[in-house]
S.K.: 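I am attaching a structure below and will ask some questions about it afterwards.
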Amino acid sequence: MGSDNLFKRRQEERKKRKENIKRQKSSKWLIVCEGKKTEPNYFKEAVDVINEEIDYKYKLKVEIVGMGMNTVSLVNSLDKLLSDVDLYKTATIPYEKIFIVFDKDSFRNEAFDKAISICEKRGYIALWSNQAIEFWFLLHFNYIDNKMDRKAYENKINEYFKKAGFKYEYRKNDESIFSKLCKYGSLNEAKKYAKKIHFTHINDKPSDSESCTTVYKFFECIDERLEELK
């Protein structure tokens with residue numbers, strides 16, 4: 001009888017260890033951003049806000065790096081980053097998800113498409129926007145099914161905030177833009193709109209998919225993570 005109880009205890013301990021490893025692994029993520037301020041600020045605040053709703057021991061552990069590089073050079077720099085930074089070399093549990101955030105802007109079509117292709121081959125999740133991440137911000141307020149030049153984004157963002165009752169002048173390095181967008185717009189609507197628009201471009205090259213973004217994929221991964229913790 002004693003040996004049976006010991007066997008059961010060990011089984012339960014192994015099960016708990018496996019569950020703990022699974023939870024730890026899926027909470028260790030890396031986000032590498034093209035810019036040094038706008039994108040890192042946005043994702044840092046997003047993670048902080050989401051972590052407020054998660055038990056301390058299961059909080060998302062997300063390293064966010066602003067590289068100041070563009071498209072292909074950004075993606076190619078990641079291997080060096082992973083080998084150079086001590087945090088990644090000494091981690092006993094590898095990062096399960098690696099996201100790379102970049103915009104089309106005025107970069108060549110070939111470079112933009114190539115960067116996304118490299119991400120897919122290496123297992124990175126490309127959070128790209130054509131033309132810029134501000135298009136993702138706009139989707140918190142409205143579904144946009146027409147092409148819009150990035151030069152119009154800022155004024156349109158201000159216009160939407162004003163309609164929502166908030167006088168605001170958009171600035172790219174705003175450290176609380178995530179909270180503002182969620183308060184006066186809708187993250188759920190943005191996810192729904194972005195996914196729908198991306199699906200309409202499913203057979204197009206990313207460089208031809210103007211007014212399109214895949215940032216919603218990050219929040220789908222968040223939703224999956226929160227579902228795991230229930």
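Because the structure is predicted, anything quoted here is derived from the model rather than measured.
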S.K.: Cation-pi between K180 and F161: NZ/CZ under 6.0 Å from ring centre and within 45° of the ring axis?
M.R.: no
S.K.: N130 side chain to P206 main-chain N or O, any donor-acceptor pair under 3.5 Å?
M.R.: yes
S.K.: Can any side-chain N or O of E45 pair as donor or acceptor with the backbone N or O of S179 at less than 3.5 Å?
M.R.: yes
S.K.: Atom CG of L60 and atom CD of E53: how far apart are they, to the nearest 0.5 Å?
M.R.: 12.0 Å
S.K.: Is the backbone of E210 close enough, under 3.5 Å, to the side chain of K147 for a donor and an acceptor to pair up by distance?
M.R.: no
S.K.: Contact between N41 and I177 at the side-chain level, heavy atoms closer than 4.5 Å - yes or no?
M.R.: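 Sidechains of I177 and N41: no contact.
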S.K.: For R225 and W29: C-alpha separation, side-chain torsions, deciding distance, then whether side chain to side chain contact (heavy atoms under 4.5 Å, CB included) applies.
M.R.: CA-CA 11 Å; R225 173 63 180 151; W29 297 354; 4.2 Å; yes
S.K.: Take H140 and L187 through the test side chain to side chain contact (heavy atoms under 4.5 Å, CB included) and record every step on the way to the result.
M.R.: CA-CA 6 Å; H140 287 68; L187 177 59; 3.8 Å; yes
S.K.: Could you pull out the closest heavy-atom pair between C119 and F102, with the gap in Å?
M.R.: SG-CE2, 4.3 Å
S.K.: Could you measure the distance from the CZ atom of F99 to the CZ atom of F218? Nearest 0.5 Å is fine.
M.R.: 5.5 Å
S.K.: Report the distance from atom OG1 of T38 to atom CD1 of I133, rounding to the nearest 0.5 Å.
M.R.: 8.0 Å
S.K.: Could you give me the CA-CA distance, side-chain angles and deciding distance for F43 and V101, then say whether side chain to side chain contact (heavy atoms under 4.5 Å, CB included) is met?
M.R.: CA-CA 10 Å; F43 285 101; V101 186; 3.7 Å; yes
S.K.: At their closest point, which heavy atom of P40 faces which heavy atom of G66, and how far apart are they?
M.R.: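 In terms of heavy atoms, the two residues are closest at CG-CA, 3.9 Å.
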S.K.: Does K217 form a salt bridge (charged side-chain N to carboxylate O under 4.0 Å, His left out) with E220? I'd like the steps, not just the answer.
M.R.: CA-CA 5 Å; K217 291 184 177 181; E220 286 191 333; over 6 Å; no
S.K.: Can you label the angle between the W128 ring and the F112 ring as parallel, tilted or perpendicular, going by 30° and 60°?
M.R.: perpendicular
S.K.: Do N146 and I144 come close enough that some side-chain heavy atom pair is under 4.5 Å?
M.R.: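 Contact flag for N146/I144 side chains = yes.
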S.K.: Nearest 0.5 angstrom please: I157 CD1 to D174 CG, how far?
M.R.: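 It comes to 10.0 Å.
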S.K.: Without swapping roles, check the side chain of K162 against the backbone of G165 for a donor-acceptor pair under 3.5 Å.
M.R.: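 No; judged by distance alone, with no hydrogens or angles, the pair does not exist.
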S.K.: With a 4.5 Å cut-off on side-chain heavy atoms, are N158 and E169 touching?
M.R.: yes
S.K.: What I want to find out is whether E134 reaches K172 closely enough, with some N-O distance under 4.0 Å, to be called a salt bridge.
M.R.: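 Judged by the 4.0 Å cut-off on N to carboxylate O distance, E134 and K172 do form a salt bridge.
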S.K.: What heavy-atom pair brings I197 and S211 nearest, and what distance separates the two atoms?
M.R.: CG2-O, 3.3 Å
S.K.: For the atom pair CG (D113) and CD1 (I118), what is the distance rounded to the nearest 0.5 Å?
M.R.: 11.0 Å
S.K.: Do the side chains of K156 and E159 get close enough for a salt bridge, i.e. N-O under 4.0 angstrom?
M.R.: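 A salt bridge is present here (some side-chain N lies under 4.0 Å from a carboxylate O).
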S.K.: Out of T213, T214, D105, which residue meets the side-chain contact (heavy atoms from CB on, under 4.5 Å) rule with S129?
M.R.: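 Per the side-chain contact (heavy atoms from CB on, under 4.5 Å) rule, the option paired with S129 is T213, out of T213, T214, D105.
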S.K.: What is the distance from atom CG of L30 to atom NZ of K61, rounded to the nearest 0.5 Å?
M.R.: 15.0 Å
S.K.: Against Y193, only a single residue in Y143, W136, F141, F135 fulfils ring pair (Phe, Tyr, Trp, His ring centres under 6.0 Å); can you say which?
M.R.: Y143
S.K.: Scan K196, H198, K192 and name whichever one has a side-chain hydrogen bond (donor to acceptor under 3.5 Å, both in side chains) with Y216.
M.R.: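 One option only clears the test, and that one is H198.
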S.K.: In terms of side-chain geometry, is the basic nitrogen of R150 or D103 positioned less than 4.0 Å from the acidic oxygen of its partner?
M.R.: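 Here R150 does not pair with D103 in a salt bridge, since their nearest N and O are not under 4.0 Å apart.
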S.K.: Would you please test D204 and S209 for side-chain hydrogen bond (donor to acceptor under 3.5 Å, both in side chains) and show each step?
M.R.: CA-CA 6 Å; D204 300 331; S209 304; 4.5 Å; no
S.K.: I would like to know whether K104 and N109 meet side chain to side chain contact (heavy atoms under 4.5 Å, CB included); could you show each step before the answer?
M.R.: CA-CA 8 Å; K104 171 66 170 65; N109 290 352; 3.0 Å; yes
S.K.: Can you see which heavy atom on A164 is nearest to which on Y184, and at what distance?
M.R.: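 Looking at all heavy atoms of both residues, the shortest contact is CB-O, 3.6 Å.
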